[in-house]
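Structure, as structure tokens:
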There are 2 protein chains.
Amino acid sequence: MPPARKSALSSGSSSVQDYVKVIYAFTEWQDKPITSSQLAVRLGVANSSVSEMVRKLVDLQLVDHRPYSAIELTSAGRRLALTMVRRHRVLETFLVQELGYAWDEVHDEAELLEHTVSDTFINRMAAKLGDPQRDPHGDPIPSADGTVHVPHAVQLEELDGGHTGRITRISDADADLLRFFSSEQIRLDDRVEVVGRRPFGGALVVRFGPSGSARELDLGDQAAAALWVHSDPHPGCLLAS
Amino acid sequence: MPPARKSALSSGSSSVQDYVKVIYAFTEWQDKPITSSQLAVRLGVANSSVSEMVRKLVDLQLVDHRPYSAIELTSAGRRLALTMVRRHRVLETFLVQELGYAWDEVHDEAELLEHTVSDTFINRMAAKLGDPQRDPHGDPIPSADGTVHVPHAVQLEELDGGHTGRITRISDADADLLRFFSSEQIRLDDRVEVVGRRPFGGALVVRFGPSGSARELDLGDQAAAALWVHSDPHPGCLLAS
DNA sequence: GGCAAAATTTAGGCATGCCGAAATATTGGG
DNA sequence: CCCAATATTTCGGCATGCCTAAATTTTGCC
Ligand SMILES: [Mn+2]
Ligand SMILES: [Mn+2]
Ligand SMILES: [Mn+2]
Ligand SMILES: [Mn+2]
């Protein structure tokens with residue numbers, strides 16, 4: 001009898017769920033697939049642990065992997081990942097909107113709850129929240145049937161002086177950074193204008209808020225990379241596009 | 001160096017939490033302490049698993065236990081148990097009141113979530129619900145500081161004919177039974193009157209509902225044991241008390 | 001009081017997921 | 001093209017929590 005590959009009918013252990021979710025998230029806003037050691041860093045485990053788990057994920061047919069190369073989700077893996085991402089983001093939205101959490105407090109709680117709630121729970125909660133399209137950090141919430149629309153956005157860091165746009169996403173990877181943005185009153189959907197760069201690789205100078213009462217701010221690399229904007233069409237680019 | 005007994009500073013693993021909670025629950029409505037095999041049945045694990053875990057609980061100073069005798073919580077164990085019971089019951093209340101679950105659907109979901117939510121989560125959720133005193137089944141919800149008031153109540157089964165009272169608690173141990181009560185429109189706080197017993201150890205005959213529109217019903221032993229009532233003072237008992 | 005039945009504990013094992021150290025494969029600079 | 005630095009995998013082990021089967025202790029009945 002052949003070894004009868006386990007099918008991933010059920011949703012896997014919480015570890016499996018986290019691995020798949022992180023593999024997915026890595027490619028959500030750019031397209032290079034994740035490597036073993038990057039995965040290890042993001043999960044806070046040893047490289048050897050990743051190697052072992054990846055073997056299991058291959059066995060569960062959730063990822064494709066040739067030894068020593070990058071790790072990519074199968075369609076079943078992507079389906080599971082989208083389920084987990086939906087759970088995580090619906091929970092974050094609930095914590096902020098219904099329980100009064102600050103946006104830097106929701107991640108850890110959602111990271112655990114996502115493995116425990118039922119589909120019914122998430123779907124009723126989402127309905128109660130009016131089926132939100134994005135979470136408190138601007139990350140898109142996949143629908144129950146597993147479709148997502150990732151908005152067009154660029155990191156603020158990538159924009160040249162003169163560009164304007166609207167903040168579409170604020171990376172929730174660093175809670176301290178979220179608190180900084182909070183204290184500077186930087187929020188989703190705020191208008192921004194890139195003024196320019198301080199000389200010799202210095203900070204990015206950015207103007208925030210409505211054109212009347214705009215504040216100018218110097219942003220370090222970390223901060224500028226965490227802010228994603230939907231850029232307005234720019235005169236200088238009309239021909240290039 | 002002495003083995004340095006681990007203190008139960010943190011809240012223990014989910015298994016530890018479930019063991020302690022079941023040990024507590026066993027004595028909530030009566031006072032005999034739980035035995036090893038009863039604990040095994042309620043947790044759905046083998047007797048040997050209980051023996052091992054009890055050793056660990058003793059080590060964590062959550063229970064007292066002499067080999068071959070019953071298992072009792074220490075005060076730290078009771079504290080942890082009350083925390084878990086509060087979590088479980090606040091969650092059940094939320095599921096019914098905010099997410100529209102039926103009362104027979106909440107138990108399994110709460111059983112998992114209770115290990116995952118933070119204290120902040122539970123306390124904010126409880127506040128949102130108006131700090132309820134009891135869950136959908138009538139079980140008392142301990143307060144955040146660990147105090148409970150278990151109402152006076154007797155199993156319907158224990159009452160003789162002629163007694164009247166109000167339903168105070170409906171055991172959530174059996175979901176099918178809850179559905180039966182639901183279909184018979186038996187709810188918390190309904191008035192009841194014990195009419196008598198069918199002959200030869202037969203069913204208990206009970207009258208439900210407000211005196212005008214009362215319905216009479218035959219209850220089997222299972223059902224009669226699952227209904228707890230606050231009994232009105234009864235003429236025949238005035239002298240005896 | 002003795003002894004078989006019942007309850008409980010101990011022994012030996014399995015699965016999951018993690019680790020550090022050792023082995024192996026890949027890569028880029030010379 | 002080669003070889004050392006780097007990335008990845010393999011190996012042996014540990015912790016948790018569960019199981020079955022085999023001791024061992026307690027209990028209840030004659
Ligand atoms: Mn997680
Ligand atoms: Mn988020
Ligand atoms: Mn539980
Ligand atoms: Mn309940």
If I take atom [atom1] in residue [X] and atom [atom2] in nucleotide [N], what distance separates them, rounded to the nearest angstrom?
X: L60(B); N: dT16(D); atom1: CG; atom2: C1'; answer: 12 Å
X: Q38(B); N: dA6(C); atom1: CD; atom2: P; answer: 17 Å
X: Y68(A); N: dT8(D); atom1: OH; atom2: C1'; answer: 5 Å
X: L57(A); N: dT8(D); atom1: CG; atom2: C1'; answer: 16 Å
X: D18(B); N: dC18(D); atom1: CG; atom2: P; answer: 9 Å
X: R66(B); N: dT25(D); atom1: CZ; atom2: C1'; answer: 13 Å
X: E52(A); N: dT10(D); atom1: CD; atom2: P; answer: 9 Å

When you measure from the side-chain N and O atoms of [X] to the phosphate of [N], is any distance below 4.0 Å, counting only OP1 and OP2?
X: S49(A); N: dC18(C); answer: no
X: H65(A); N: dT9(D); answer: yes
X: S13(A); N: dG17(C); answer: yes
X: S15(A); N: dT16(C); answer: no
X: Y19(B); N: dC18(D); answer: yes

What's [X] touching, base or sugar-phosphate or nothing? Going by heavy atoms closer than 4.0 Å.
X: S37(A); result: sugar-phosphate
X: S36(B); result: sugar-phosphate
X: A46(A); result: sugar-phosphate

Should R89(B) and E111(B) count as an ion pair when the cut-off is N to O under 4.0 Å? no

Check I71(B), L80(B), I23(B) against L57(B) for a side chain to side chain contact (heavy atoms under 4.5 Å, CB included) and give me the one that passes. I23(B)

Measuring only between side-chain heavy atoms, which start at C-beta, is V96(B) closer than 4.5 Å to E105(B)?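 They are not in contact (no side-chain heavy atoms under 4.5 Å apart), so the answer is no.
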
Starting at the 5' end of DNA chain C, which residue's closest nucleotide do you reach first, M53(A) or P67(A)?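 Residue closer to the 5' terminus by nearest nucleotide: M53(A).
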
Distance-only donor-acceptor test, S48(B) side-chain atoms vs dT20(D) base atoms, 3.5 Å: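 When only heavy-atom distances are counted, S48(B) does reach the base of dT20(D) through a donor-acceptor pair under 3.5 Å.
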
Can you measure from OH (Y19(B)) to CG (L43(B)) and round to the nearest 0.5 angstrom?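 One gets 5.5 Å once the value is rounded to the nearest 0.5 Å.
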
Check: H88(A)/D135(A) side-chain N/O donor and acceptor closer than 3.5 Å: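 Their side chains do not contain a donor-acceptor pair, so the 3.5 Å distance test is not met.
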
Looking at dC19(D), dT9(C), dT9(D), which one has an atom nearest to any side-chain atom of S51(B)?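 For S51(B), the side-chain atoms sit closest to dT9(C).
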
